[in-house]
2 protein chains.
Amino acid sequence: MAAAETLIVAVEDAGLRPTGPRRIVAELVAAREGAFTAADLAAAAGERSVRVGRATIFRAIELFAALGAIERVDLPDGTHAYVACVVQHHHHVICSACGRSAEIGDLGIGALARDVARRTGYRVDDHRLELFGLCPVCQQAETHT
Amino acid sequence: MAAAETLIVAVEDAGLRPTGPRRIVAELVAAREGAFTAADLAAAAGERSVRVGRATIFRAIELFAALGAIERVDLPDGTHAYVACVVQHHHHVICSACGRSAEIGDLGIGALARDVARRTGYRVDDHRLELFGLCPVCQQAETHT
DNA sequence: GTTTTTGCAAACCATTTGCAGGGTC
DNA sequence: GACCCTGCAAATGGTTTGCAAAAAC
């Protein structure tokens, strides 16, 4: 679970304080294999009987997101979730059954964006691509159903 | 603004009633050139001094979305917005300044999804691509700034 | 000791729902 | 006339904020 450490290092690098609550949230995030919501973390904290205020969780998430250590994704149902990530810009495939996610590189999106720019006249500054489906594990589970 | 009519026709085709309030919401949607939020419509209704309940606006939006006449998009800031659209599945480029949007076809996403599936082992069922930037008009405006 | 953070609780905002009245087929 | 739809207002659920106490530098 080096991921938790990664998040803390990012916080320190930003000149902010690697406080206890932040470490806790970082660990909760690292413990998740994929997408999670603020509520998930709050629930997980409860299960581990660690006492962290809701507000603190939201603030930590916001901070990590601002540092680029986690990224916000929006599930098909409109839920706001987040996924931990290691590189700056890329995309995710998210399992609709368990929330687990895998990162995928930038693939051909850059070219696609240029293509769109040419066709529509828009200047494309940013984009967002999310793929949803079933991870290998859940596919396996589905077969056994 | 034939778009309003398109929405109503979709409602009728679904065997539902093209009621007054729905027509109003359809027009409010059509009046927008791009992305809008429920709050935008409510505000627009207020400006036009048409009295439509908030709940009705939400229900109409939900209905249109279910009919595939509008599509939900999530802005970079996490806001839930919608865009009117004419075809079943495609994507949008949304202007971050004015919200105007343009549709773009499916481009090479299908192939991309297959590629991702092969690499990650995930079974990709759905995806979502949103591009953000500046529309031609706003680029123009920016130049004059 | 100064500055940043936390935690709590209250405030907020967007969205949903129950239900009685009104409109549509 | 039966059923669908609307509007209101209250309930809900997620997220943010103010502020005093606590922790980190």
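A note on names: the letters A, B, ... follow the listed sequences, proteins ahead of strands, and every chain is numbered from 1.
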Determine whether a donor-acceptor pair (N or O, by modelled atom type, separation under 3.5 Å) exists between the side chain of [X] and the backbone of [Y].
X	Y	result
A:R22	A:R17	yes
A:R54	A:A42	no
B:H80	A:G78	yes

Measure the distance from [atom1] on [X] to [atom2] on [N] and round it to the nearest whole Å.
X	N	atom1	atom2	result
B:R54	D:dC8	CZ	P	9 Å
B:I24	D:dG7	CD1	C1'	12 Å
A:D40	D:dT15	CG	C1'	15 Å
B:R23	D:dC5	CZ	C1'	14 Å
B:L41	D:dT6	CG	P	14 Å

Discussion item. On DNA chain D, does the nearest nucleotide to A:H80 precede the nearest nucleotide to B:R22 from the 5' side, or the other way round? Give the residue.
Written reply: B:R22
Discussion item. I need the residues from residues 57-66 of chain B with at least one non-hydrogen atom less than 4.0 Å from DNA chain C; give them sorted by number, or say none.
Written reply: B:F58, B:R59
Using the 3.5 Å cut-off, write out each protein N or O paired with an N or O of nucleotides 20-25 of chain D and the distance between them.
unit_1	atom_1	unit_2	atom_2	d
D:dA24	N3	A:R17	NH1	3.3

Discussion item. Using a 4.0 Å heavy-atom cut-off, does B:A38 contact any base of the nucleic acid, only the sugar-phosphate backbone, or nothing at all?
Written reply: sugar-phosphate
Find out whether [X] and [Y] are in side-chain contact, i.e. whether some heavy atom of one side chain is under 4.5 Å from a heavy atom of the other.
X	Y	value
B:H127	B:H91	yes
B:L63	B:R59	no
A:L28	A:R48	yes
B:V11	B:T19	no

Practice prompt. Considering only NZ, NE, NH1 and NH2 on the basic side and carboxylate oxygens on the acidic side, decide whether A:D74 and A:R128 come within less than 4.0 Å.
Written response: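 Result for this pair is yes, salt bridge flagged.
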